[in-house]
Amino acid sequence: MKKPLISVILPVYNAENYLAESIESILNQTFKDFELILINDGSTDGSENIILSYDDERIVYIKNDINLRLIKSLNKGIRTAKGYYISRMDADDIALPNLFEKQLAVFKRDSNVDIINIRSFLMSENGAIYRRSNSTITVNHDVHKHIVFLQNLISHPGVMVKADLLKLHEYCENEKDVPFQDVDLWNRLLNHGYYCYTIDECLLLYRNTPTGVTNTLRTGRLAKRLKYCQNILETEYESYFTENSLKIILGKFDTANRSELIRLNKSLSNHLTFIQENKGISKNGFSDLVFWKKNLMFVSSFMALKRAPWTNKIGVVIFVICHLPLWFSNKKWRYNLKGIMFNPIRYR
């Protein structure tokens, strides 16, 4: 097989319920010049039988002797990859047919781009419904590195990166101390000066499953993530956020109340002021930072209305009402509100 343009790394662990659909979404891409590296990480279900049922010369099958877990499997795939670009895919997600075509068009148009991010649809476990992910936004490159450790705006499944870049840096394999290697990787790469471009279009269906990383090990992961964020804020930005404020940013809304939302708003303002005065950010970049802050506060406030304890909801309502004139002056706030508060749309 000649050297492919793209290497797709797809780790597999007990994914028999979704794997076929995920594999086929890659094999059916409109762009065909790629290798699909399937890494069976010690699956005990029928995943291997599904993999072996495909007869396609673009498939490279690797079977781990023991369960190495996700990050070591990903690094194994990176070392195996022969393509000029590396694409990430998960075994329970679905890539839309023109994902690679759209990403390659960006690389062709701008040789300075190192990472191509996309937006995603959020899909239910059974794939019956989905909605556009409205809790993230697209920001300028010079803004991204200042916020990625707080709010990850890069979609791990579906991202495409220059292969030599990933082979040089790889993921941190110390999962005990850093159980959120994608955030750590993006933070390192962006602060090395690599350029991430976001295609502001949903090109992947991201499946939310109870056994997914996002929904497991929450307590331990959250404690380490809080420590990670606070260390960067204190050492790089001379900023301080309360633990409860950081929890709200990271999606734990049980601590949200009016007082904490006010503290969070003030801490974010101080963070942006420090960046403006000390990090040499452009005028347009700072405008994007302000937009990000408003969006984060908007989403956090309305998610708190849904998830915060009843004892906190009255205060949250007061906070939201006080900020309505600012938020609803922009159509994007209304669009986000629809995605947060109302039912998703039917997919199939």
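For the residue pair Asn244/Lys252, the side-chain donor-acceptor check at 3.5 Å is not satisfied. Side chains of Ser43 and Asn40: a donor on one and an acceptor on the other come within 3.5 Å. A donor-acceptor pair shorter than 3.5 Å can be found between the side chains of Lys293 and Asn265. Judged purely by distance below 3.5 Å, without hydrogens or angles, the side chains of Ser282 and Asp142 pair a donor atom with an acceptor atom. Residues Ser47 and Glu16 bring no donor and acceptor atom of their side chains to less than 3.5 Å of each other. A donor-acceptor contact closer than 3.5 angstrom links the side chains of Asn126 and Ser124. In this model, a donor atom of one side chain and an acceptor atom of the other lie less than 3.5 Å apart for Ser245 and Glu260.
Ion pair Arg207/Glu21 flagged as a salt bridge, since at least one NZ, NE, NH1 or NH2 atom sits closer than 4.0 Å to an Asp/Glu carboxylate oxygen. Taking 4.0 Å as the cut-off between side-chain N and carboxylate O, Arg119 and Glu201 do not count as a salt-bridged pair. Between Lys162 and Asp164 there is no salt bridge, since no side-chain nitrogen of the basic residue lies less than 4.0 Å from a carboxylate oxygen of the acidic one. Lys63 has a carboxylate O that lies under 4.0 Å from a charged side-chain N of Glu48, or vice versa, which qualifies the two as a salt bridge. Between Glu35 and Lys3, no side-chain nitrogen of the basic residue sits less than 4.0 Å from a carboxylate oxygen of the acidic one, so the salt-bridge criterion is not met.
In Lys72, the NZ atom is not crowded: 12 or fewer heavy atoms of neighbouring residues, nucleotides or ligands sit closer than 6.0 Å. Summarising the local packing, CG of Leu168 is surrounded by more than 12 heavy atoms from other residues, nucleotides or ligands at distances under 6.0 Å. Within a 6.0 Å radius of NZ in Lys102, no more than 12 heavy atoms belonging to other residues, nucleotides or ligands are found. Within 6.0 Å of the NZ atom in Lys266, the count of heavy atoms belonging to other residues, nucleotides or ligands does not exceed 12. Within 6.0 Å of OH in Tyr84 there are 12 or fewer heavy atoms belonging to other residues, nucleotides or ligands.
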request  = Please report the C-alpha distance between Leu272 and Val290 in whole Å, then the side-chain angles of each, then the deciding distance to 0.1 Å, and finally whether the side-chain contact (heavy atoms from CB on, under 4.5 Å) criterion is met.
outcome  = CA-CA 8 Å; Leu272 266 59; Val290 173; 4.1 Å; yes
task = Before giving the answer on ring pair (Phe, Tyr, Trp, His ring centres under 6.0 Å), spell out for Tyr197 and His141 the whole-Å C-alpha distance, their side-chain angles and the decisive distance to 0.1 Å.
result = CA-CA 7 Å; Tyr197 178 89; His141 167 68; over 10 Å; no
query = Passes side-chain hydrogen bond (donor to acceptor under 3.5 Å, both in side chains), Ser155 versus Asn117? Steps please.
reply = CA-CA 6 Å; Ser155 174; Asn117 182 33; 5.1 Å; no
task = Might you work through the salt bridge (Lys or Arg N to Asp or Glu O under 4.0 Å) test for Lys2 and Asp33, ending with a clear yes or no?
result = CA-CA 10 Å; Lys2 69 180 182 67; Asp33 184 14; 3.3 Å; yes
request  = Would you sort out whether His323 and Phe302 count as a ring pair (Phe, Tyr, Trp, His ring centres under 6.0 Å), showing the intermediate values?
outcome  = CA-CA 12 Å; His323 290 79; Phe302 279 92; over 10 Å; no
request  = Might you work through the side-chain contact (heavy atoms from CB on, under 4.5 Å) test for Asp110 and Tyr195, ending with a clear yes or no?
outcome  = CA-CA 11 Å; Asp110 188 349; Tyr195 179 20; 3.8 Å; yes
query = salt bridge (Lys or Arg N to Asp or Glu O under 4.0 Å) between Asp90 and Arg88: does it pass, once the steps are laid out?
reply = CA-CA 7 Å; Asp90 283 340; Arg88 267 284 289 117; 2.7 Å; yes
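Residue Tyr240 is not grouped with residue Ile147 when hydrophobic side chains (ILVMFWY) are merged at heavy-atom distances under 4.5 angstrom, including chains of intermediate members. A single hydrophobic cluster is seen to contain both Met297 and Ile321, as judged by linkage of ILVMFWY side chains at heavy-atom distances under 4.5 Å, directly or through other members.
Checked against a 6.0 Å centroid threshold, the rings of Phe298 and Phe291 do not count as neighbours. Aromatic pair His169/His192: centroids less than 6.0 angstrom apart.
Residues Val8 and Ile37 fail the side-chain proximity criterion, which asks for heavy atoms closer than 4.5 Å.
Heavy-atom minimum distance, Tyr54 versus Ile59: CB-CD1, 3.6 Å. For Leu233 against Leu246, the heavy-atom pair with the smallest separation is CD1-CD2, 4.0 Å. The minimum heavy-atom distance between Phe253 and Pro309, with the atom names listed, is O-CD, 4.4 Å. In terms of heavy atoms, Leu38 sits closest to Ile51 at CD1-CG2, 3.7 Å. When all heavy atoms of Gly83 and Ala163 are compared, the closest pair comes out as O-CB, 3.3 Å. Contact record, Ala256 with Asn312: O-ND2, 3.0 Å, taken as the closest heavy-atom pair.
The CZ atom of Arg79 sits 12.0 Å away from the CG atom of Leu166 when rounded to the nearest 0.5 Å. To the nearest 0.5 Å, atom CG of residue Asp56 and atom CG of residue Leu36 are 8.0 Å apart. The line from CG of Asn187 to CG of Asn152 is 10.0 Å long, rounded to the nearest 0.5 Å.
Between Phe149 and Tyr237, the ring-plane angle classifies as parallel under the 30° and 60° cut-offs. The aromatic rings of Phe107 and Tyr85 lie parallel to each other, with less than 30° between the two planes, well short of the 60° mark.
With hydrogens and angles ignored, the 3.5 Å screen pairs no side-chain donor or acceptor of Trp292 with any backbone N or O of Asp288.
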